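What follows is one structure encoded as structure tokens, with my remarks underneath.
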Amino acid sequence: MSSEVYDCIVIGAGIQGSCTAYQLAKNKLKTLLLEQFVLPHSRGSSHGQTRVIRKTYEEDFYIQMMHESYELWAQLEKESGVELYRRTGLLVMAPENGEGFSRLKATMQRNKIPTVFLEKQEFSQHIPNVNLRDGYGALIDTGAGVLYADRALRAVQRLFQSNGGVIKDGEKVIDIKPGAVVTVTTGSGVYRGRSLVITAGPWANTLLTHTGLQLPLKVVKINVCYWKEKIPGTYSVNQRFPCFIEMEPKEGKYDIYGLPSNEYPGLMKVCYHMGSETEPDERDKQTDTGDIDILVRYVTRCLPGLVPVPAVVESCMYTVTPDHNFVLDSHPTYGNIIIGAGFSGHGFKFGPIIGKLLSQLAMGQVPSYNLSPFRIQRFQSHARSSL
Ligand SMILES: Cc1cc2nc3c(=O)[nH]c(=O)nc-3n(C[C@H](O)[C@H](O)[C@H](O)COP(=O)(O)OP(=O)(O)OC[C@H]3O[C@@H](n4cnc5c(N)ncnc54)[C@H](O)[C@@H]3O)c2cc1C
Ligand SMILES: O=C(O)[C@@H]1CCCCN1
């Protein structure tokens with residue numbers, strides 16, 4: 001074991017761990033970022049070319065965090081010199097008189113988010129090649145867009161290193177010994193840190209076992225489906241086609257969403273916002289395609305310009321909490337162990353602000369947002385502490 005003691009060790013170099021490590025290094029803390037796989041990899045939750053960024057949320061607290069997150073993404077673009085965000089707008093379709101849509105509209109208005117409400121008659125003029133279901137309303141969050149995910153992850157990791165941070169990839173953490181100085185053992189080394197941040201995505205509970213804590217997290221495999229345009233360019237980012245979310249689609253219980261064709265020319269990404277449960281190390285053994293059946297019916301009904309058979313299917317994982325809100329908190333027993341987990345399929349856009357908040361917790365500072373929606377305590381009967 002080296003006698004070196006880091007100010008902070010971060011486990012997991014997905015978007016949340018990388019953004020946290022970057023914030024710590026920027027604050028001049030001696031920081032080590034450990035990653036089990038050789039980087040870059042496609043086995044967790046942060047890989048792939050694109051993610052949606054939006055302020056379209058029903059809860060004020062997410063909108064407030066997104067205001068700052070947009071600013072931090074813009075700063076990252078500036079510091080890295082890499083384009084990370086492309087504005088496309090986000091179309092939301094939902095049952096017009098449903099509770100979700102009413103709540104969403106009210107929150108958008110209350111927070112003065114630039115929004116265009118589309119009447120049924122003008123819908124097809126603004127959004128050609130999309131069939132709006134009868135009884136469904138539509139709005140556009142005009143500032144929403146696409147984040148270039150893989151590019152963003154690389155940029156943040158580079159900035160972390162250029163601020164003096166150390167990344168050790170291909171090093172799986174196999175043990176954690178809590179204490180005033182935490183000892184972390186990997187397959188090839190032993191490291192010590194005054195604080196520890198666990199941002200292990202789908203593996204959060206595997207690591208938390210070493211600290212006597214389990215969270216109510218469900219890991220699901222998402223089939224990331226790309227669909228071929230019958231006429232290339234119909235749904236292209238270059239034609240200013242927006243991202244979209246359909247809430248409460250008739251075809252399934254969860255949202256269906258899409259991003260304009262961009263990363264694979266002629267192919268549009270359309271996915272189901274849920275999947276089937278999996279062990280993170282056994283992801284490829286989960287072969288359920290019930291979500292794809294739902295998507296085939298949806299594409300056939302709603303997106304007539306796409307061939308209703310997926311042309312490419314990739315894999316990704318969500319780590320889902322019971323209320324779909326994140327976990328951003330200190331460990332209930334060990335105050336110098338910080339946990340960022342359960343991003344429930346919507347955490348990427350928050351990466352920079354989550355990095356800031358987790359770094360504040362690791363530095364013992366008061367976090368700049370009220371973190372009560374994200375506390376471990378909210379699970380009460382769910383969270384099992386074996387200590
Ligand atoms: C298909 C899909 C679509 C999505 N769409 C959106 C979207 O449009 N907008 C949005 O905002 N969000 C979206 N998300 C969610 C977002 O991508 C995730 O919330 C985010 O990437 C989670 O990041 P993370 O760092 O927590 O996890 P991960 O990226 O999984 O990172 C955790 C890391 O920890 C490492 N690790 C685990 N165990 C160990 C160990 N023992 N030792 C060392 N390292 C370890 C893992 O290898 C991994 O690299 C989507 C997710 C998916 C899957
Ligand atoms: O976080 C998001 O914005 C998207 C919305 C749709 C589901 C996947 N995640």
Side-chain angles (χ1 to χ4, degrees), residues 50-63 65-66 88-111 113-120 122-124 126-127 129-146 218 220 222-225 227 235 241-260 268-275 290-304 306 318 320-326 343-350 373:
T50 51
R51 292 291 187 279
V52 177
I53 179 168
R54 59 182 163 110
K55 291 185 179 172
T56 336
Y57 270 91
E58 289 173 35
E59 301 88 350
D60 294 300
F61 57 84
Y62 280 128
I63 295 194
M65 285 164 71
M66 277 314 298
T88 63
L90 170 79
L91 163 70
V92 179
M93 298 174 281
E96 196 152 24
N97 302 317
E99 262 178 47
F101 198 48
S102 306
R103 245 190 334 259
L104 185 65
K105 283 195 289 194
T107 319
M108 298 292 279
Q109 277 167 337
R110 192 168 54 247
N111 288 278
I113 308 302
T115 310
V116 174
F117 295 93
L118 292 177
E119 294 303 327
K120 179 97 189 160
E122 54 185 0
F123 182 85
S124 53
H126 284 87
I127 317 280
N129 304 304
V130 175
N131 294 327
L132 181 67
R133 189 179 269 281
D134 283 343
Y136 277 49
L139 62 79
I140 295 178
D141 168 357
T142 56
V146 170
K218 184 169 93 171
V220 298
I222 304 296
N223 288 310
V224 182
C225 299
W227 310 74
Y235 300 98
F241 192 81
C243 299
F244 78 85
I245 299 179
E246 180 150 335
M247 294 165 66
E248 300 171 48
K250 284 282 184 297
E251 288 77 8
K253 186 170 160 210
Y254 296 93
D255 295 352
I256 290 173
Y257 67 100
L259 284 79
M268 182 185 185
K269 176 150 93 177
V270 181
C271 303
Y272 191 51
H273 187 40
M274 194 40 77
D291 52 344
I292 298 182
D293 299 340
I294 290 170
L295 290 169
V296 165
R297 292 200 296 277
Y298 182 79
V299 166
T300 306
R301 195 259 306 159
C302 180
L303 299 163
L306 295 177
Y318 286 178
V320 185
T321 61
D323 58 10
H324 293 233
N325 291 329
F326 314 147
F343 292 99
S344 304
H346 66 115
F348 203 100
K349 66 180 85 57
F350 294 93

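What's counted below: heavy atoms across the whole structure, side chains too, no hydrogens, waters or symmetry copies. These numbers were taken from a predicted model, which means no experiment stands behind them.
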Non-hydrogen atoms of [X] and [Y] that approach each other most closely:
| X | Y | value |
| --- | --- | --- |
| L90 | A144 | CB-CB, 3.4 Å |
| C271 | C225 | SG-N, 3.7 Å |
| D255 | M247 | OD1-CA, 3.5 Å |
| G275 | V220 | O-CG1, 3.6 Å |

To the nearest 0.5 Å, tell me how far [X] [atom1] sits from [Y] [atom2].
| X | Y | atom1 | atom2 | value |
| --- | --- | --- | --- | --- |
| E59 | N111 | CD | CG | 11.0 Å |
| E246 | M93 | CD | CE | 4.5 Å |
| L118 | I127 | CG | CD1 | 6.0 Å |
| K349 | K55 | NZ | NZ | 13.0 Å |
| I256 | M274 | CD1 | CE | 13.0 Å |
| L259 | T88 | CG | OG1 | 7.5 Å |

Determine, for E248 against R133, whether the closest basic-nitrogen to carboxylate-oxygen distance falls under 4.0 angstrom.
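No.
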Side-chain ion pair, R103 and E58, N-O less than 4.0 Å:
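Salt bridge: yes.
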Do [X] and [Y] touch side chain to side chain, with heavy atoms closer than 4.5 Å?
| X | Y | answer |
| --- | --- | --- |
| F101 | L139 | yes |
| M108 | T56 | yes |
| P260 | C243 | yes |
| T107 | I63 | yes |
| F241 | N129 | no |
| M66 | I53 | yes |
| R110 | D60 | yes |

Show your working on side-chain contact (heavy atoms from CB on, under 4.5 Å) between H324 and F343 and close with a plain yes or no.
CA-CA 7 Å; H324 293 233; F343 292 99; over 6 Å; no
Backbone N or O of [Y] within a donor-acceptor pair of the [X] side chain at under 3.5 Å?
| X | Y | answer |
| --- | --- | --- |
| K120 | L132 | yes |
| T115 | I113 | yes |
| D141 | R54 | no |
| E122 | E119 | yes |
| W227 | V299 | no |
| N131 | R301 | yes |

Please work out whether the ring planes of Y257 and H273 are parallel, tilted or perpendicular, with thresholds of 30° and 60°.
perpendicular
Report yes or no: do Y272 and N223 form a side-chain donor-acceptor pair below 3.5 Å?
no
Could you check whether [Y] and [X] have their ring centres less than 6.0 Å apart?
| X | Y | result |
| --- | --- | --- |
| F244 | Y235 | no |
| Y136 | F123 | no |
| H346 | Y318 | no |

Are more than 12 heavy atoms, taken from residues, nucleotides or ligands other than E99, located less than 6.0 Å from that residue's CD atom?
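12 or below, so no.
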Apply side-chain contact (heavy atoms from CB on, under 4.5 Å) to V146 and R51, showing your working.
CA-CA 6 Å; V146 170; R51 292 291 187 279; over 6 Å; no
Could you walk me through whether Y62 and N325 pass the side chain to side chain donor-acceptor pair (under 3.5 Å) check?
CA-CA 10 Å; Y62 280 128; N325 291 329; 2.7 Å; yes
Evaluate the side-chain contact (heavy atoms from CB on, under 4.5 Å) criterion for residues F350 and F326: first the C-alpha distance (whole Å), next the side-chain angles of each, then the deciding distance (0.1 Å), finally the verdict.
CA-CA 10 Å; F350 294 93; F326 314 147; 3.5 Å; yes
